[in-house]
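The figures that follow rest on heavy atoms only: side chains count, while hydrogens, waters and symmetry mates do not. In this text, all values refer to a predicted model and were calculated from it rather than measured experimentally.
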Amino acid sequence: MAERILGKTLATVSLSVALASVTVKSSGCCSIPACRNSFLSCGFHLNSNIMSSSNGAKENSHNKARTSPYPGSKVQRSQVPNEKVGWFVEWQDYNPVEYTAVSVLAGPRWADPQISESNFFPKFNEKDGHVERKSQNGLYEIENGRPRNPAGRTGLIGRGLLGRWGPNHAADPIITRWKRDRSGNKITHPVSGKNILQFVAIKRKDCGEWAIPGGMVDPGEKISATLKREFGEEALNSLQKSSAEKRELEEQLHKLFSQEHLVIYKGYVDDPRNTDNAWMETEAVNYHDETDAKL
């Protein structure tokens with residue numbers, strides 16, 4: 001999981017107002033063992049790109065979902081040119097490769113059965129028992145009994161490494177504070193003159209990239225619970241602290257996660273594990289420590 005987390009500045013953003021307009025993008029570096037609970041947070045970066053609609057892919061917004069080989073395998077996707085990503089574009093010769101990882105087919109508790117199984121009747125586009133099958137981006141199409149990726153073609157059908165048909169929901173907490181000098185005064189950027197905002201990140205062992213410490217939403221779990229749980233698992237467990245120090249930090253985090261927060265982004269994520277029938281979505285939430293009292 002996480003290799004280390006720095007005690008002070010992990011990354012900085014020069015404009016505080018930027019938090020309300022950025023989205024989240026995956027760098028797609030996650031190794032297989034980490035992909036169940038935290039692959040969504042693998043190398044996530046703040047990025048200004050937005051999801052393309054199914055009417056066509058915006059530049060750089062649906063690239064990782066078309067990369068080969070598929071993560072953790074030698075499977076090569078069928079190539080999908082930019083102009084044929086959108087489902088509205090007729091493509092009679094489209095012949096995507098089918099692939100679902102053995103680890104998913106083994107039937108772990110976090111994964112759906114195959115669509116073909118006689119006792120499996122998923123309720124797409126709605127809450128299905130404890131499983132949330134609604135998309136943050138609205139209704140998605142169902143074709144031949146399978147949900148269709150709202151961002152367009154990926155060159156691969158099945159679920160790949162993803163457990164759920166349709167949207168696979170995750171949550172990413174973005175914990176911020178102002179950068180301050182030793183006297184406690186806010187530090188401003190020398191060019192913009194804006195206060196510098198810091199956020200917590202982890203450095204992953206599997207890919208060496210900096211990441212937001214988030215993860216998957218368990219069935220029936222509230223987003224707020226996921227945010228707190230994943231931050232604790234990914235960030236606190238990586239700190240070289242005594243049990244007493246960790247308990248104190250947990251109490252401080254409880255106060256932080258109980259305060260007002262800002263939803264920065266929720267929706268589709270361009271992820272290398274996405275397929276035509278299964279895709280990642282996230283809700284990125286900002287919890288800000290205004291006085292440094294909790295971090």
Side-chain angles (χ1 to χ4, degrees), residues 24-26 28 30 32 34-42 51-54 57 61-73 75-78 80 85 87 94-117 120-171 214-219 266-283:
V24 182
K25 183 177 180 181
S26 166
C30 188
I32 301 309
C35 281
R36 157 62 185 112
N37 289 319
S38 62
F39 62 83
L40 184 68
S41 65
C42 182
M51 187 200 95
S52 67
S53 70
S54 60
S61 64
H62 192 60
N63 287 335
K64 293 187 180 297
R66 291 182 284 159
T67 55
S68 288
Y70 187 87
S73 75
V75 176
Q76 297 288 324
R77 299 175 186 264
S78 298
V80 181
V85 168
W87 295 109
Y94 180 52
N95 186 29
V97 175
E98 177 144 13
Y99 173 67
T100 299
V102 173
S103 59
V104 176
L105 293 174
R109 64 178 182 82
W110 46 266
D112 288 333
Q114 286 289 78
I115 288 287
S116 58
E117 292 195 16
F120 182 49
F121 304 100
K123 298 178 181 178
F124 294 122
N125 284 304
E126 60 181 283
K127 189 70 173 288
D128 186 6
H130 292 300
V131 178
E132 182 58 82
R133 299 193 189 276
K134 291 188 292 186
S135 170
Q136 301 275 19
N137 295 99
L139 297 178
Y140 49 87
E141 299 290 331
I142 308 299
E143 187 176 75
N144 298 322
R146 296 186 177 195
R148 197 169 70 173
N149 190 320
R153 299 180 176 97
T154 67
L156 190 144
I157 57 176
R159 283 175 289 162
L161 287 167
L162 300 181
R164 303 294 179 193
W165 294 98
N168 288 253
H169 294 283
M216 303 302 295
V217 179
D218 288 336
K266 56 182 179 180
Y268 181 86
V269 176
D270 183 20
D271 190 284
R273 283 156 293 277
N274 291 352
T275 74
D276 285 7
N277 309 124
W279 59 90
M280 287 303 311
E281 297 190 9
T282 193
E283 183 166 324

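- Residues Arg153 and Trp87 have side chains in contact (heavy-atom distance under 4.5 Å, counting atoms from C-beta outward).
- Under the 3.5 Å distance criterion, the side-chain polar atoms of Asn277 are matched with a main-chain donor or acceptor of Gly158.
- In this structure, the side chain of Asp270 engages the main chain of Asn63 through a donor-acceptor pair within 3.5 Å.
- Residues passing the side-chain contact (heavy atoms from CB on, under 4.5 Å) test with Thr67, sequence neighbours excluded: Pro272.
- Distance alone, capped at 3.5 Å, is enough to place a donor-acceptor pair between the Arg77 side chain and the Thr154 backbone.
- Contact between Ile157 and Pro96 at its shortest, heavy atoms only, is CG2-CG, 3.5 Å.
- Atom CH2 of Trp279 and atom CZ of Arg148 lie 10.0 Å apart (nearest 0.5 Å).
- The closest side-chain heavy-atom distance from Arg66 to Val85 is below 4.5 Å.
- For Pro122, the side-chain contact (heavy atoms from CB on, under 4.5 Å) criterion is met by Ile115, Phe120, Phe124, Asp128, Arg133, not counting sequence neighbours.
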Between Lys64 and Asp271, does the side chain to side chain contact (heavy atoms under 4.5 Å, CB included) criterion hold? Intermediate values first, please. CA-CA 5 Å; Lys64 293 187 180 297; Asp271 190 284; 6.0 Å; no
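- Nearest heavy-atom pair, Glu98 versus Arg146, reported as atom, atom and distance to 0.1 Å: OE2-NH2, 2.9 Å.
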Report the C-alpha distance between Asp112 and Arg164 in whole Å, list the side-chain angles of each, state the deciding distance to 0.1 Å, and finish with yes or no for salt bridge (charged side-chain N to carboxylate O under 4.0 Å, His left out). CA-CA 5 Å; Asp112 288 333; Arg164 303 294 179 193; 2.8 Å; yes
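- Here the closest non-hydrogen pair linking Leu161 and Ser103 is CD2-OG, 4.2 Å.
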Go through the steps to decide whether Trp110 and Val131 satisfy the test side chain to side chain contact (heavy atoms under 4.5 Å, CB included), and finish with yes or no. CA-CA 10 Å; Trp110 46 266; Val131 178; over 6 Å; no
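- Here the closest non-hydrogen pair linking Gly166 and Pro147 is N-CG, 3.3 Å.
- Pro69 and Ser73 make their closest contact through CB-O, 3.5 Å (heavy atoms, listed as atom of the first residue, atom of the second, distance).
- For Glu126, the side-chain contact (heavy atoms from CB on, under 4.5 Å) criterion is met by Lys123, not counting sequence neighbours.
- Between the side chain of Asn125 and the backbone N or O of Tyr140 there is at least one donor-acceptor pair closer than 3.5 Å.
- For the pair Asp276 and Tyr94, the minimum side-chain heavy-atom distance is below 4.5 Å.
- For Tyr70 (side chain) and Arg273 (main-chain N/O), a donor-acceptor pair under 3.5 Å exists by modelled atom type.
- Screening Leu156, Thr100, Val97 against Thr275 for a side chain to side chain contact (heavy atoms under 4.5 Å, CB included) leaves a single residue, Leu156.
- Closest of all the heavy-atom pairs between His62 and Ala65 is CE1-CB, 3.7 Å.
- At least one donor-acceptor pair closer than 3.5 Å links the side chain of Glu281 to the backbone N or O of Gln136.
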